[in-house]
Amino acid sequence: EALDELLRRKNTAISGMLALEVEKDELIRRLQGRGKISGRADDQDINVIENRINVYNRETAPVIDYYNNQGKFEAVQGMGSIDEIFSRLCNAIDRLNN
């Protein structure tokens with residue numbers, strides 16, 4: 001609500017919210033893989049990853065209901081190949097813009 005109010009004062013608005021839906025085990029695997037490539041220690045620590053997931057579920061996921069009630073939310077299946085996920089994201093953006 002605070003973000004919408006701020007944007008209203010700036011004569012703009014959120015047109016849509018996308019959320020990639022990915023199984024928890026896959027999220028962990030992806031982050032740990034990124035950690036191995038990037039050398040980021042935080043992406044290799046399962047406790048840090050679990051905390052990130054908990055923070056998302058507690059603090060970010062509730063925004064879904066807010067924008068879903070406005071018809072501005074689109075869930076996107078985040079499992080599959082990069083090309084498949086990209087295609088799903090493009091389709092979701094198109095649906096939100098129509």
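Starting from 1, each residue takes its place in the sequence as its number.
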By side chain to side chain donor-acceptor pair (under 3.5 Å), which residues pair with [X], not counting sequence neighbours?
| X | result |
| --- | --- |
| Arg9 | none |
| Glu84 | Ser81 |
| Asp4 | Tyr66, Tyr67, Gln70 |
| Glu23 | none |

Review point. Which pairs pass salt bridge (Lys or Arg N to Asp or Glu O under 4.0 Å) with one or both residues in residues 51-67, sequence neighbours excluded?
Key: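 Pairs touching residues 51-67 that pass the test: Asp42-Arg52, Asp43-Arg52.
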
Check your understanding: Where do Glu5 and Lys10 land on the salt bridge (charged side-chain N to carboxylate O under 4.0 Å, His left out) test, with the steps shown first?
Key -> CA-CA 9 Å; Glu5 178 57 32; Lys10 295 183 178 287; over 6 Å; no

Check your understanding: If you count the non-hydrogen atoms of other residues, nucleotides and ligands that lie under 6.0 Å from CD1 in Ile82, is the total more than 12?
Key ->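 Counting other residues, nucleotides and ligands, CD1 of Ile82 stays at 12 neighbours or fewer.
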
Point to revise | Atom CZ of Phe86 with >12 non-hydrogen neighbours under 6.0 angstrom | key: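 Counting other residues, nucleotides and ligands, CZ of Phe86 stays at 12 neighbours or fewer.
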
In Å and rounded to the nearest 0.5 Å, what is the [atom1] to [atom2] distance from [X] to [Y]?
| X | Y | atom1 | atom2 | answer |
| --- | --- | --- | --- | --- |
| Asn51 | Asp45 | CG | CG | 10.0 Å |
| Ile46 | Ile28 | CD1 | CD1 | 4.0 Å |
| Ile53 | Lys24 | CD1 | NZ | 5.5 Å |
| Leu3 | Ile14 | CG | CD1 | 4.5 Å |
| Gln44 | Arg34 | CD | CZ | 11.0 Å |
| Ile37 | Gln32 | CD1 | CD | 12.5 Å |

Point to revise | Residue pair Met17 / Ile64, side-chain heavy-atom distance below 4.5 Å | key: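 With C-beta onward as the side chain, the pair touches.
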
Review point. Quick one: do Phe73 and Leu18 end up in the same hydrophobic cluster if we chain Ile, Leu, Val, Met, Phe, Trp and Tyr together by side-chain heavy atoms under 4.5 Å apart?
Key: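 No; tracing contacts between hydrophobic side chains, which count when under 4.5 Å, never links both residues.
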
Exercise for review: Determine the minimum heavy-atom distance between Ala92 and Glu74, stating which atoms define it.
Suggested key: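 Reported closest heavy-atom pair: CB-CG, 3.3 Å.
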
Exercise for review: Quick one: list whatever passes side chain to side chain contact (heavy atoms under 4.5 Å, CB included) with Ile85, sequence neighbours left out.
Suggested key: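 Here the qualifying residues are Leu20, Arg30, Arg88, Leu89.
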
